[in-house]
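First comes the structure, then the notes that go with it.
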Amino acid sequence: MASEFTIRPARTSDVASIKELVAPFAEHRVLMAKETVAYFEGVQEFRLAVDPAGRVIGCGALHVMWEDLAEVRTLAVAPDWLGRGVGHVLLENLLQVAEALGVSRVFCLTFEVDFFSNHGFTVMENQSAIDPEVYSELLRSHDEGVAEFLDLARVKPNTLGNTRMIRSL
C-alpha cells in the first residue's frame, strides 16, 4: 500500500495542488475553506502524499498551538485513493512530527470520528485539561484553529457538526 505513494514536506509549488485537492471538501463544508495566501503562510506545516507520477493524492498539516499542543489540519485524500492507507500514513507522519517537536497532545476538529478514534483520538468533553493561565494566553490568538480548540462561540457557524478530538502522545 504505502509503497504506491510517498510522503514528503510540501513546497510552495504544491500550493495549487493542495488547494485543488481540498476544494471539494471545503465546498461540502467537510474542511474549512482557506484563501490561497493561507496555504502559502502554512506551507511548511504540510506533508503530502504523492503518487509515483508526482500527483498530490493527499495532504495534512500540523499546526503548533502551544508548548504541548498542536492541531492536525486539512487532512484530505483524493477520492480515487480513499481506503488505500493514504490518510493513515499521513496522520501517522504528522504525529511523528509532533513528537519530534516536543508536542504531547494533538487536537483535531473533524467529521471523521471513527477514523481519528482508530488512531487513538478521543472526543473532548471540555477544556478542563488546559491550565487557566494557558487558556488566557490562547484567547489572545487570532488563529481560527485555536478558537476551534477553545470552542469559542465566534467559530460556531463554521464548525457545526464537527467533533473536537484529542490524542496524547
Side-chain angles (χ1 to χ4, degrees), residues 1-66 68-124 143-146 148-149 158-159 161-169:
M1 258 196 261
S3 62
E4 298 177 27
F5 60 90
T6 57
I7 304 295
R8 67 168 173 79
R11 299 183 286 259
T12 56
S13 59
D14 295 316
V15 166
S17 296
I18 295 169
K19 190 169 180 175
E20 182 180 323
L21 178 65
V22 171
F25 296 101
E27 199 173 288
H28 291 99
R29 298 182 57 98
V30 174
L31 292 175
M32 300 283 280
K34 294 180 183 172
E35 298 296 330
T36 303
V37 68
Y39 289 112
F40 279 110
E41 289 172 344
V43 74
Q44 71 280 359
E45 298 177 348
F46 275 88
R47 296 297 179 270
L48 303 180
V50 181
D51 73 8
R55 175 179 159 234
V56 174
I57 58 167
C59 67
L62 182 78
H63 180 77
V64 174
M65 298 167 74
W66 199 253
D68 66 337
L69 182 66
E71 178 186 10
V72 170
R73 294 182 172 181
T74 320
L75 187 60
V77 175
D80 57 325
W81 280 83
L82 289 173
R84 294 170 68 179
V86 176
H88 167 77
V89 173
L90 275 167
L91 180 57
E92 288 302 317
N93 185 278
L94 293 170
L95 294 173
Q96 289 171 2
V97 170
E99 282 187 291
L101 290 171
V103 171
S104 60
R105 296 179 300 158
V106 179
F107 154 78
C108 70
L109 185 69
T110 186
F111 288 105
E112 301 295 334
V113 174
D114 290 342
F115 173 81
F116 282 95
S117 291
N118 289 337
H119 289 87
F121 285 75
T122 57
V123 174
M124 290 177 60
D143 186 276
E144 290 300 305
V146 173
E148 292 163 1
F149 175 75
N158 295 325
T159 60
N162 284 357
T163 301
R164 293 177 316 131
M165 301 184 78
I166 197 161
R167 175 179 164 176
S168 294
L169 300 178

Handout entry: Ala33 to Ala26 - nearest heavy-atom pair and separation
Key = CA-CB, 3.8 Å
Handout entry: Atom of Ala76, atom of Leu31 and distance for their closest heavy-atom approach
Key = CB-CD1, 3.9 Å
Practice task
List in chain and number order the residues that pass side chain to side chain contact (heavy atoms under 4.5 Å, CB included) with Ser168, two or more places apart in sequence or in another chain; answer none if no residue qualifies.
Solution key: Arg105
Exercise for the section: For residues Leu169 and Leu95, determine if any side-chain heavy atom of one lies less than 4.5 Å from a side-chain heavy atom of the other. Expected result: yes
Exercise for the section: Start with the C-alpha distance between Lys34 and Thr74, add both sets of side-chain angles, then the distance that settles side chain to side chain contact (heavy atoms under 4.5 Å, CB included), and finish with yes or no. Expected result: CA-CA 10 Å; Lys34 294 180 183 172; Thr74 320; 2.8 Å; yes
Problem - Separation between CD of Gln96 and CD1 of Ile7, rounded to the nearest 0.5 Å - result: 10.0 Å
Side-chain donor-acceptor pairs of residues 39-53 under 3.5 Å, sequence neighbours excluded:
{"from": "Gln44", "atom 1": "NE2", "to": "Glu41", "atom 2": "O", "distance (Å)": "3.3"}
{"from": "Glu45", "atom 1": "OE1", "to": "His63", "atom 2": "ND1", "distance (Å)": "3.4"}
{"from": "Glu45", "atom 1": "OE2", "to": "His63", "atom 2": "ND1", "distance (Å)": "2.7"}
{"from": "Asp51", "atom 1": "OD1", "to": "Ala53", "atom 2": "N", "distance (Å)": "2.9"}
{"from": "Asp51", "atom 1": "OD1", "to": "Gly54", "atom 2": "N", "distance (Å)": "3.0"}
{"from": "Asp51", "atom 1": "OD1", "to": "Arg55", "atom 2": "N", "distance (Å)": "2.8"}

All N/O donor-acceptor pairs, side-chain side in residues 16-25, below 3.5 Å, sequence neighbours left out:
{"from": "Lys19", "atom 1": "NZ", "to": "Thr36", "atom 2": "OG1", "distance (Å)": "2.6"}

Exercise for the section: Applying side chain to side chain contact (heavy atoms under 4.5 Å, CB included), run through Phe116 and Leu75 and close with a yes or a no. Expected result: CA-CA 11 Å; Phe116 282 95; Leu75 187 60; 3.8 Å; yes
Practice task
Would you mind reporting whether Val77 and Ile57 have side-chain heavy atoms less than 4.5 Å apart?
Solution key: no
Practice task
Could you tell me the separation between the CD atom of Glu112 and the CE atom of Met165, rounded to the nearest 0.5 Å?
Solution key: 10.5 Å
Completion exercise
Residues passing the side-chain hydrogen bond (donor to acceptor under 3.5 Å, both in side chains) test with Asp14, sequence neighbours excluded, are Arg8
Practice task
Can you see which heavy atom on Gly58 is nearest to which on Val86, and at what distance?
Solution key: CA-CG1, 4.2 Å
Practice task
Output the distance between atom SG (Cys108) and atom CG (Leu91), rounded to the nearest 0.5 Å.
Solution key: 8.0 Å
Problem - Criterion side chain to side chain contact (heavy atoms under 4.5 Å, CB included) on Phe121 and Thr163, from CA distance to verdict - result: CA-CA 11 Å; Phe121 285 75; Thr163 301; over 6 Å; no
Exercise for the section: For residues Ser117 and Thr122, determine if any side-chain heavy atom of one lies less than 4.5 Å from a side-chain heavy atom of the other. Expected result: no
Exercise for the section: Could you label the plane-to-plane angle of the Phe5 and Trp81 rings as parallel, tilted or perpendicular, counting under 30° as parallel and over 60° as perpendicular? Expected result: perpendicular
Exercise for the section: Report the C-alpha separation of Met32 and Arg73 in whole Å, then their side-chain angles, then the decisive distance to 0.1 Å, and conclude whether the side chain to side chain contact (heavy atoms under 4.5 Å, CB included) test is met. Expected result: CA-CA 9 Å; Met32 300 283 280; Arg73 294 182 172 181; over 6 Å; no
Completion exercise
Sorted by chain and residue number, the side chain to side chain contact (heavy atoms under 4.5 Å, CB included) partners of Leu101 (sequence neighbours excluded) come out as Leu62, Val64, Val97, Val103
Practice task
Determine whether Phe107 and Val72 make a side-chain contact, defined as any pair of heavy atoms from C-beta on separated by less than 4.5 Å.
Solution key: no
Handout entry: Nearest-0.5 Å distance that lies between atom CD1 in Ile166 and atom CD in Glu71
Key = 10.5 Å
